[in-house]
*Asks:* 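Below are the structure tokens for one structure; questions will follow.
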Number of protein chains: 2
Amino acid sequence: MARRSYDQYCPAARALDVLGERWTLLMIRELLLGPKRYTDLLEGLPGIAPNVLADRLRHLQTAGIVQRSSLPPPAASMVYELTPLGDELRPVLLSLMTWGLHFLGQPKPGENASPRWLLQLLEAGADLGAARGLRESYQFCIDGSVLHVVVDDGRVEAREGPAHEPVLVSTTDFDTFLALGARTITAAEAVAQGKLEFEGDPEAGERAITILGGRLIPFGGTDIPVRAAA
Amino acid sequence: MARRSYDQYCPAARALDVLGERWTLLMIRELLLGPKRYTDLLEGLPGIAPNVLADRLRHLQTAGIVQRSSLPPPAASMVYELTPLGDELRPVLLSLMTWGLHFLGQPKPGENASPRWLLQLLEAGADLGAARGLRESYQFCIDGSVLHVVVDDGRVEAREGPAHEPVLVSTTDFDTFLALGARTITAAEAVAQGKLEFEGDPEAGERAITILGGRLIPFGGTDIPVRAAA
DNA sequence: CTGCATCCGCCTCGATACTG
DNA sequence: CAGTATCGAGGCGGATGCAG
């Protein structure tokens, strides 16, 4: 029953003793977007077996990375959420995603895709300096998904679901979102073509582009050397 | 024969398609310290099966992360080294090691340990601002291992082996090195007790402590909340 | 000695079915 | 909705062998 360990007095090996098994880091990716129910995780991780998910969740709880909570009264359901220790994995996932851009390329036919996996990239490329002293949120509606980005005095985090009081709501389809990320179209052009709708304070739009769009490494395009996965 | 994939259009999933298997990220950890021969990797990764190592090396080569090179004339042997793409994994490993400190604790009896796995932490905690405009290297002799840290105008990297022209050579045993990392002893105290030997420019010693020791998170101690691996 | 390939046994994982 | 039970395939660990 003992979990397989690398048995090395090394911080990387210790981290991988806890996180190194299949699916575990992708579960963290999902939970970084906010608390999730068991079935939310199941459908957010296409291909995972239910017993594997249950096993991982138990393990992450005993390791202090994830905790179970009950949602406030109306919805009496259990959710899994990251503890502060689990939230400290954010830099790990963000650096991994940044590196993974080299292998992203174009979506393959039949491949699972979700706007939320790409929206997290905004977090990785955010200009934290420009976010200092600011406290607001931007909402993104992409195809059917609703997500938002919270800016809180130097912290920038992507979350799933609608924002509390967004100063800006952006609506696009998935292809336009990809094109924006790949820099094959600008926001202004997309608006002109009716593919992108802005709602809210125009100045907030400028701030959002400064904070989120400035240093973002293009994705889905060929601006960075891309390697085919073997 | 096809490698197992998550089949998700997500940069994190793409990265894990390439790096997610057992041992792979620890191989990167080893190679970040410099080029290594097959047998060096074999003994640097205690417990790995030779066929697994060979398989991973082939895979990393086809992915463009590792390349084979022949050493300069005297030693006519093959080594594996990171490509620029592979070297871009440095932030991933450093953030993983930083997080892994929460689970490091004290060495368990019988556990594999090496000073190089801890020396890499100096890289993670380095004050890059203080390293600006500076170009020098510090050598560390710990028990029998020889390592060094290269400072090159804002870049700080730990490497295995002796330094080229170190401005400073520090010699300790492993326990003292651990105690310094845990902050249970200061460098001055260790020198006074004859457990730490400095050789070289005293001013360089001050610079080294400023760059490497300033923001370093203590390891091996209990200054940060520690969780037992389940 | 280095750099693997082969064989074997276990144990993790994936897929499906089933239950409170 | 939130998992548990079962079973087969395959990745992995350990030992051994062998070519350059």
Side-chain angles (χ1 to χ4, degrees), chain A residues 1-8 13 16-27 30-31 35-62 66-81 112 230, chain B residues 1-8 13 16-27 30-31 35-62 66-81 110-112 230:
Chain A
M1 199 57 189
R3 209 158 271 270
R4 199 183 292 270
S5 163
Y6 288 111
D7 281 324
Q8 296 181 3
L16 291 171
D17 280 343
V18 183
L19 306 170
E21 292 172 306
R22 196 164 162 77
W23 292 109
T24 306
L25 279 170
L26 292 187
M27 289 171 60
E30 293 296 307
L31 292 172
K36 293 258 187 299
R37 292 176 303 176
Y38 181 85
T39 41
D40 295 333
L41 290 169
L42 212 54
E43 69 176 318
L45 300 165
I48 195 173
N51 57 347
V52 172
L53 177 58
D55 179 51
R56 299 287 186 277
L57 283 172
R58 267 192 300 268
H59 175 232
L60 289 174
Q61 280 176 263
T62 67
V66 163
Q67 63 188 13
R68 285 180 59 145
S69 311
S70 33
L71 284 180
S77 181
M78 286 297 188
V79 291
Y80 296 91
E81 63 184 348
N112 298 295
Chain B
M1 199 55 188
R3 212 157 270 270
R4 199 181 295 267
S5 164
Y6 288 110
D7 282 326
Q8 294 180 4
L16 291 172
D17 280 344
V18 183
L19 306 170
E21 291 171 307
R22 197 165 160 75
W23 293 109
T24 307
L25 279 171
L26 292 187
M27 290 171 60
E30 293 296 306
L31 292 172
K36 293 259 188 302
R37 292 177 304 177
Y38 180 85
T39 42
D40 296 333
L41 290 169
L42 211 53
E43 68 176 319
L45 301 166
I48 194 173
N51 57 344
V52 172
L53 177 58
D55 180 50
R56 299 287 186 277
L57 283 171
R58 268 192 299 269
H59 175 232
L60 288 175
Q61 282 176 265
T62 66
V66 164
Q67 62 189 13
R68 286 180 59 145
S69 312
S70 31
L71 284 180
S77 181
M78 286 298 189
V79 290
Y80 295 91
E81 61 184 351
E111 190 174 45
N112 298 295

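Side-chain atoms are counted along with the backbone in the values below, which use heavy atoms only and exclude waters and symmetry mates. Throughout, a chain's letter reflects where its sequence line sits, starting with A, and its residues are numbered from 1. Fair warning: this is a prediction, and the values are worked out from it, not measured in the lab.
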*Asks:* For B:Leu26 and D:dC12, give me the distance from atom CG to atom C1', rounded to whole Å.
*Replies:* 15 Å
*Asks:* Has B:Trp23 got a side-chain N or O lying under 4.0 Å from the OP1 or OP2 atom of D:dG11?
*Replies:* no
*Asks:* Among B:Leu57, B:Leu26, B:Ile48, which residue meets the side-chain contact (heavy atoms from CB on, under 4.5 Å) test with B:Leu41?
*Replies:* B:Leu57
*Asks:* Does D:dC12 have its OP1 or OP2 closer than 4.0 Å to a side-chain nitrogen or oxygen of A:Tyr6?
*Replies:* no
*Asks:* At under 4.0 Å, does any side-chain N or O of A:Arg56 touch on OP1 or OP2 of C:dC13?
*Replies:* yes
*Asks:* Between D:dG13 atom P and B:Asn51 atom CG, what is the distance in whole Å?
*Replies:* 9 Å
*Asks:* Within this structure, what is the CG-to-C1' distance between B:Leu53 and D:dG11, rounded to whole angstrom?
*Replies:* 16 Å
*Asks:* Apply the test side-chain contact (heavy atoms from CB on, under 4.5 Å) to residues B:Leu53 and B:Met27: give CA-CA distance (whole Å), side-chain angles for both, the deciding distance (0.1 Å), then the verdict.
*Replies:* CA-CA 9 Å; B:Leu53 177 58; B:Met27 290 171 60; 3.7 Å; yes
*Asks:* A:Arg22 side chain N/O closer than 4.0 Å to the phosphate oxygens (OP1, OP2) of C:dG14?
*Replies:* yes
*Asks:* Check for me whether B:Arg68 meets the cation-pi criterion with B:Tyr38, that is, NZ or CZ under 6.0 Å from the six-membered ring centre and within 45 degrees of the ring axis.
*Replies:* no
*Asks:* Does anything in residues 40-49 of chain A reach DNA chain C, meaning a heavy atom under 4.0 Å, and if so which residues?
*Replies:* A:Gly47, A:Ala49
*Asks:* Check A:His59 against A:Glu21 and note the closest heavy-atom contact, atom names and distance.
*Replies:* ND1-OE1, 4.4 Å
*Asks:* Phosphate oxygens OP1/OP2 of D:dG3: is one of them under 4.0 Å from a side-chain N or O of A:Arg68?
*Replies:* yes
*Asks:* Can you see if the side chain of A:Arg3 gets near the phosphate of C:dC11 - specifically, an N or O under 4.0 Å from OP1 or OP2?
*Replies:* no
*Asks:* Under 4.0 Å between a side-chain N or O of A:Arg58 and OP1 or OP2 of D:dG3?
*Replies:* no
*Asks:* Whole angstrom is fine here: how far is it from OH in A:Tyr38 over to P in D:dG3?
*Replies:* 7 Å
*Asks:* Look at B:Tyr80 and C:dT2 and indicate whether a side-chain polar atom (N or O) is within less than 4.0 Å of OP1 or OP2.
*Replies:* no
*Asks:* Do A:Leu16 and B:Arg22 come within less than 4.5 Å of each other through their side chains, counting heavy atoms only?
*Replies:* no
*Asks:* Shortest non-hydrogen contact from B:Gln8 to A:Gly44?
*Replies:* NE2-O, 4.3 Å
*Asks:* Rounding to 10°, can you tell me the angle the first-five-pair axis of the helix from C:dC1-D:dG20 to C:dG20-D:dC1 makes with its last-five-pair axis?
*Replies:* 40°
*Asks:* Applying ring-ring contact (aromatic ring centres under 6.0 Å, His included), name anything that partners A:Tyr80, two or more places apart in sequence or on another chain.
*Replies:* none
*Asks:* Give a yes/no on whether any side-chain N or O of B:Ser77 is located under 4.0 angstrom from OP1 or OP2 of C:dG3.
*Replies:* yes
*Asks:* By nearest heavy atom, map A:Arg37 and B:Glu21 onto DNA chain D; which one lands nearer the 5' end?
*Replies:* A:Arg37
*Asks:* Measuring only between side-chain heavy atoms, which start at C-beta, is A:Arg3 closer than 4.5 Å to A:Asp17?
*Replies:* no
